[in-house]
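Residue numbers start from 1 in every chain, and the chains themselves are labelled A, B, ... in the order their sequence lines are given, proteins ahead of strands.
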Protein chains: 2
Amino acid sequence: MIKPKYTERQIKLARYAKALSHPVRIQLMEILSKQSCCYSGDIADDLPIARSTLSQHLSELKDAGLIQGEFNPPKIKYCIKRDAWEEARQMMKEFFEGDK
Amino acid sequence: MIKPKYTERQIKLARYAKALSHPVRIQLMEILSKQSCCYSGDIADDLPIARSTLSQHLSELKDAGLIQGEFNPPKIKYCIKRDAWEEARQMMKEFFEGDK
DNA sequence: TTTTTATTTCGCAAAAATACGAAATGAATA
DNA sequence: TATTCATTTCGTATTTTTGCGAAATAAAAA
C-alpha cells in the first residue's frame, strides 16, 4: 500500500476551497470582488453575525491570502488580493476542466 | 443592524467548496473526473489514509452530491455526478468572474 | 487628557471534521 | 454452510471551526 502525500497544488486548491467553505465568506468575497475594497464596519451591518465573528472570518480569508487589511484609522480597509484571487480562479478552472 | 440570511446560491456554493476543502477529496475528484468511475479499493491503495477514513471522505462527496456509488458486488463503483459537477463548475466560474 | 470610535483579541462553549482500528454487513465463493 | 472479500459503520480521540460577549487596543476627537 503506497502512501504518497498530496501535491502542493492539491493542498493549495483545498486551502482556497476551505476559505470559501462558509456562506459568509462567499458573501464577503462577492462584496470585495465587486468593489475591490471595503471597510469592515460597513460590511458588518449587512451580515447576520457578531462583529467579533466577522473579524474571525476576515482573518480566515486573510490567512488564505485572498484579502489584505489596510489600517486607515480609525477604520480598517479590506481589499481583495488580486493576484491570489486570480490564482485561485485559474486553479479552480483547471481543476474543473480537468486540463492539467 | 440588519441581519439577512444568505442566498441559496451562496449556501450551495459554500457547500461545494466545503466538499473540496480537503486535499484527499481534491485528489478523489481529480481521479473520478478523469476516468468517470472508480472502485473504492483501487483508490485506497494510492491514498495515505485508512480505508475507513477514505469511506468517510467518499460520503462527504456523496452528501455534497458530487459523486454516487453503484453497488457492483463485491465492490462499489464510484462515479462522478456530471450534472452536479457541471453545476459546481458553473457556479464557481460565475463566482470568480463576478458576473451574476 | 478623557472620551469616542472601530476593530481585534480573549475566554469560553458547542459543534463539526479528521483519523484510526475493530466490528459489522452483505454478497459471492468454496 | 462457512469463508472470503470489499466496504461501511461504530466507538473513540483529537483537532478545528464557528459563534458570542467582554475586555483590550489604538488612534482620532472633544
Side-chain angles (χ1 to χ4, degrees), chain A residues 1-6 10-11 13-29 31-32 37-79, chain B residues 1-6 10-11 13-29 31-32 37-79:
Chain A
M1 198 190 292
I2 310 161
K3 303 267 180 170
K5 277 270 150 281
Y6 315 104
Q10 286 167 338
I11 292 168
L13 191 46
R15 186 73 190 78
Y16 281 136
K18 191 155 79 92
L20 303 175
S21 68
H22 191 290
V24 82
R25 294 197 294 265
I26 291 285
Q27 197 173 351
L28 285 171
M29 291 312 293
I31 291 168
L32 288 177
C37 291
C38 215
Y39 290 98
S40 176
D42 300 345
I43 314 175
D45 296 335
D46 299 330
L47 294 180
I49 51 172
R51 274 152 199 279
S52 58
T53 306
L54 168 60
S55 194
Q56 282 182 152
H57 284 295
L58 287 167
S59 280
E60 191 74 25
L61 292 170
K62 205 161 54 178
D63 290 347
L66 289 173
I67 65 171
Q68 64 189 48
E70 192 183 307
F71 196 42
N72 207 330
K75 298 185 169 190
I76 294 182
K77 186 167 68 173
Y78 279 100
C79 300
Chain B
M1 199 191 290
I2 310 160
K3 303 267 180 171
K5 276 267 152 281
Y6 314 104
Q10 286 166 339
I11 291 168
L13 191 48
R15 186 74 190 77
Y16 282 135
K18 190 155 80 92
L20 303 175
S21 69
H22 191 290
V24 82
R25 295 198 292 266
I26 291 285
Q27 196 171 350
L28 286 170
M29 291 312 294
I31 291 168
L32 289 177
C37 289
C38 214
Y39 289 99
S40 174
D42 301 345
I43 315 174
D45 297 335
D46 298 331
L47 294 180
I49 51 171
R51 274 153 200 279
S52 57
T53 306
L54 168 60
S55 195
Q56 281 181 153
H57 283 295
L58 287 169
S59 280
E60 190 73 25
L61 291 170
K62 205 161 54 179
D63 291 347
L66 289 172
I67 65 171
Q68 63 190 48
E70 193 182 308
F71 196 39
N72 208 331
K75 299 184 169 192
I76 294 182
K77 186 168 68 172
Y78 280 100
C79 300

Between D:dT7, C:dG21, C:dT8, which nucleotide gets closest to the side-chain atoms of B:Tyr39?
D:dT7
On DNA chain C, check which nucleotide each of A:Gly41 and B:His22 is closest to and give me the residue with the more 5' one.
A:Gly41
Mapping A:Lys18 and A:Asp42 to their closest nucleotides on DNA chain C, which lands nearer the 5' end?
A:Asp42
Calculate the interatomic distance between [X] atom [atom1] and [N] atom [atom2]; express it in whole Å.
| X | N | atom1 | atom2 | value |
| --- | --- | --- | --- | --- |
| B:Ile49 | C:dT18 | CD1 | P | 11 Å |
| A:Gln27 | D:dT18 | CD | P | 15 Å |
| A:Phe71 | C:dT8 | CZ | C1' | 10 Å |
| B:Ile76 | D:dT7 | CD1 | P | 7 Å |
| A:Ile67 | C:dT7 | CD1 | P | 13 Å |
| A:Ile26 | D:dT18 | CD1 | P | 12 Å |
| A:Arg15 | C:dA17 | CZ | C1' | 15 Å |
| B:Lys75 | D:dT7 | NZ | C1' | 11 Å |

Is any NZ, NE, NH1 or NH2 atom of the basic residue among A:Asp42 and A:Lys77 found under 4.0 Å from an Asp or Glu carboxylate oxygen of the other?
no
Salt bridge between B:Asp63 and B:Lys18, side-chain N to carboxylate O under 4.0 Å?
no
Run the side-chain hydrogen bond (donor to acceptor under 3.5 Å, both in side chains) test against A:Gln10 and tell me which residues pass, sequence neighbours left out.
A:Thr7, B:Glu30
Does the side chain of A:Tyr78 come within less than 4.5 Å of A:Ser40's, by heavy atoms?
yes
Parallel, tilted or perpendicular for A:His22 and A:His57, by the 30°/60° rule?
tilted
Distance check: side-chain N/O of A:Arg51 vs OP1/OP2 of D:dG21, anything under 4.0 Å?
no
Tell me whether the side-chain N/O atoms of A:Ser52 come closer than 4.0 Å to OP1 or OP2 in C:dT8.
no
Could you say whether A:Arg25 or B:Thr53 is positioned toward the 5' end of DNA chain D, judged by the nucleotide with the nearest heavy atom to each?
B:Thr53
Are the side chain of B:Arg25 and the backbone of B:Ala19 linked by a donor-acceptor contact shorter than 3.5 Å?
yes
When we call it a touch if two heavy atoms are under 4.0 Å apart, what does B:Ser40 touch: a base, just sugar-phosphate, or nothing?
sugar-phosphate
Does the pair B:Cys79/B:Cys38 show an SG-SG distance of less than 2.5 angstrom?
no
Which residues within residues 54-66 of chain A lie with some heavy atom under 4.0 Å of an atom in DNA chain D?
A:Gln56, A:His57
